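For reference, the structure discussed in these notes is given below.
Values below: all heavy atoms of this structure, side chains included; hydrogens, waters and symmetry mates excluded. Everything numeric in this text was worked out from a predicted model, so none of it was measured. The chains referred to below are lettered A, B, ... by the order of the sequence lines, with proteins before strands, and numbering in each begins at 1.
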There are 2 protein chains.
Amino acid sequence: MARAATTADAFNAVAEPRRRQILDVLSGGERPVNDLVALLGVAQPLVSKHLRVLREVGLVDVRGEGRQRMYCVNSRPLKPIHDWVKSYEQSWSERFDHLDVVLEELKETEDDDDQ
Amino acid sequence: MARAATTADAFNAVAEPRRRQILDVLSGGERPVNDLVALLGVAQPLVSKHLRVLREVGLVDVRGEGRQRMYCVNSRPLKPIHDWVKSYEQSWSERFDHLDVVLEELKETEDDDDQ
DNA sequence: TTGACATATGTCCATATCGGTATATGATTA
DNA sequence: TAATCATATACCGATATGGACATATGTCAA
């Protein structure tokens, strides 16, 4: 087998930075493709391809408006990502970060022993 | 260019389900490689390679213990994912979900008009 | 040292990616 | 109808993947 398709799920679709950018722009409201092309400074066919991936995993919806196609975000497929990542959240919370700092300092103190 | 390397960042590393599984197991505590091999039922070289990817993005730390290598989670690289996804959280919250339901019902009512 | 165990690395294959360029489809206007 | 604008698709290249397999490295015990 090879790497999972980008259209396999939101995890894969969103791993590409450009697609996150697109979602970030669309989170400000519905946009036609050419807006994204201008805002991201990317070739139009590439934008269309990224939009296709996002559509296939349900992260964007389309609506025809004249000769334009208006895209908007549908963030529900992001929920599994949120849910999975959330269970790790406490680990980097302030309390634990502080503990890390303390441990780091301890280690450095040990390292300094041989000076 | 091709797809970004799996070791490019946590987004890419974590897009692979098997690697999330590994992190999920390790979140229960430090484990040697063979534990993961047994628990996931995957070939050992494959586990080692996944662990390498996770290590390269800083999601796991290793510690030598005799002839074993103990792996544990370091979830800090997940924070960017959490932060990015979090900004979309409200969209799927109850309130909005309810709104979706209402709109869905409205649409179905319209569709039923021709009965 | 030899052997056994734990883990890592190397090679191979099939596959699909992102990006670029060219072209097709589709809707609107003259 | 023809020309134009907006978007989608097709094809190509370079690249790296996950998995299977074989083998190297490294640590300990007899």
> Hey, does B:Gln44 reach any base, or is it just sugar-phosphate, or nothing, if we go heavy atoms under 4.0 Å?
Replying inline: base
>> Would you call the rings of A:Trp84 and A:Phe11 parallel, tilted or perpendicular, taking 30° and 60° as the class edges?
In response: perpendicular
Between [N] ([atom2]) and [X] ([atom1]): distance, integer Å:
X       : N      : atom1 : atom2 : value
B:Glu65 : C:dT7  : CD    : P     : 11 Å
A:Asn12 : D:dA16 : CG    : P     : 18 Å
A:Gln68 : D:dC5  : CD    : P     : 13 Å
A:Arg31 : D:dT7  : CZ    : P     : 12 Å
A:Met70 : C:dA27 : CE    : C1'   : 15 Å
B:Glu16 : C:dA16 : CD    : C1'   : 14 Å
A:Glu56 : D:dA8  : CD    : P     : 13 Å
B:Arg67 : C:dA8  : CZ    : C1'   : 16 Å

>> For C:dT11, does the base pair up with any side-chain atom of B:Lys49 as donor and acceptor (N or O, under 3.5 Å, distance only)?
In response: yes
Of the options [options], whose atoms approach the side-chain atoms of [X] most closely?
X       : options               : answer
B:Leu46 : D:dG19, C:dA8, C:dT17 : D:dG19
A:Arg52 : D:dT9, D:dG18, C:dG20 : D:dT9
B:Pro45 : D:dA22, D:dA8, D:dC11 : D:dA22
A:Asn34 : C:dG20, D:dA14, D:dT7 : D:dT7

At under 4.0 Å, does any side-chain N or O of [X] touch on OP1 or OP2 of [N]?
X       : N      : result
B:Thr6  : D:dT17 : yes
A:Arg3  : D:dT15 : no
B:Arg18 : D:dG19 : yes
A:Tyr71 : D:dA6  : no
B:Arg69 : C:dA6  : no
B:His50 : D:dT17 : no

> Heavy-atom distance under 4.5 Å between the side chains of B:Leu39 and B:Arg31, does that happen here?
Replying inline: yes
>> Ignoring hydrogens, what is the shortest heavy-atom contact between A:Ala13 and A:Val57? Give both atom names and the distance.
In response: CB-CG2, 3.8 Å
> Closest nucleotide of DNA chain D for B:Val53 versus for A:Val33: which of these residues is on the 5' side?
Replying inline: A:Val33
>> I want to confirm an ordering. Mapping B:Thr7 and A:Leu51 to their closest nucleotides on DNA chain D, which one lands closer to the 5' end?
In response: A:Leu51
> Does any N or O in the side chain of B:Tyr71 come within less than 3.5 Å of the main-chain N or O of B:Leu23, such that one atom is a donor and the other an acceptor?
Replying inline: no
> Going from CG on A:Leu36 to CG on A:Leu46, what distance comes out if it is rounded to the nearest 0.5 angstrom?
Replying inline: 11.5 Å
>> Could you measure the distance from the CG atom of A:Leu40 to the NE2 atom of A:His50? Nearest 0.5 Å is fine.
In response: 9.0 Å
>> Need to verify one output field. Residue with the more 5' nearest nucleotide on DNA chain C, A:Ala4 or A:Gly66?
In response: A:Ala4
